[in-house]
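Report on the structure given below.
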Amino acid sequence: MLNDIKQDAQTRMAKSIDALKHTLTSIRTGRASPSLLDRVVVRAYGSEVPLSQVAQISVSEGISLVINLFDKGMIKDVEKAIYASDLGLTPNVSGTVIRLNLPPPTEERRRELGKQVQKEGEGAKIAVRNIRQDANKAIAALLKDKAISEDDKKRGEDDIQKLTDKSIKDVDSVVAEKEKELMSV
């Protein structure tokens with residue numbers, strides 16, 4: 001029973017860290033990457049769909065993204081979606097292709113992005129702490145039901161705390177790595 005709780009907490013904490021990593025890939029660092037457009041949603045065929053489902057996105061010369069639409073009639077919708085995103089990019093339409101040039105971010109923009117990275121990291125830490133709280137409640141419930149002893153409860157809570165500390169340290173290292181990437185020009 002305790003092992004199931006620990007295993008569940010460990011799995012959920014790992015998922016929180018993976019979610020943080022995925023979120024941070026969409027924060028641009030000056031290098032072009034198709035993952036920058038992961039959060040861009042386009043109004044198409046009567047619903048909201050990710051840009052990657054209506055277009056092929058590729059990197060050109062390391063500093064620009066090229067978007068080839070599957071349906072050429074959607075250029076205006078995609079252009080509108082890119083403007084509406086918080087990426088701060090201006091699409092250049094040439095025929096049936098959309099280009100996004102990624103100028104290196106200014107010092108001020110890098111600081112803003114650094115704050116955004118910190119905020120995402122803090123969100124991940126909160127998620128990890130909430131998982132710890134859930135696990136500790138589950139352990140307390142086992143004690144209340146007399147399924148475990150007081151010593152088992154203490155041991156279980158210590159194990160959960162160790163998992164939490166490790167996960168928080170992992171979040172800090174992911175955030176530090178992204179900040180380092182942001183600050184290098």
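These figures come from a predicted structure and were not determined experimentally.
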Connected via hydrophobic side-chain network under 4.5 Å: Val59 and Leu69: yes

Ile82 with Val41, same ILVMFWY side-chain cluster at under 4.5 Å: no

Distance, nearest 0.5 Å, that separates NZ of Lys115 from CG of Leu182: 13.0 Å

Crowding at NZ, Lys146 (>12 non-hydrogen neighbours, <6.0 Å): no

Worked verdict on Lys119 versus Glu112 for salt bridge (Lys or Arg N to Asp or Glu O under 4.0 Å): CA-CA 11 Å; Lys119 183 178 165 195; Glu112 281 176 31; over 6 Å; no

Evaluation steps, side chain to side chain contact (heavy atoms under 4.5 Å, CB included), between Asp77 and Val54: CA-CA 11 Å; Asp77 295 328; Val54 295; over 6 Å; no

Beyond-backbone contact of Ile131 with Ser16, side-chain heavy atoms, under 4.5 angstrom: yes

Transitive ILVMFWY side-chain link Tyr83 to Leu37, under 4.5 Å: no

Single-linkage hydrophobic cluster, 4.5 Å side-chain cutoff, Leu51 and Ile75 together: yes

Sequence neighbours excluded - salt bridge (Lys or Arg N to Asp or Glu O under 4.0 Å) pairs with any residue from residues 164-175: Lys125-Asp172, Lys166-Asp170

Beyond-backbone contact of Thr164 with Ile160, side-chain heavy atoms, under 4.5 angstrom: yes

Least distance between heavy atoms, Ser167 atom then Val128 atom: CB-CG1, 3.8 Å

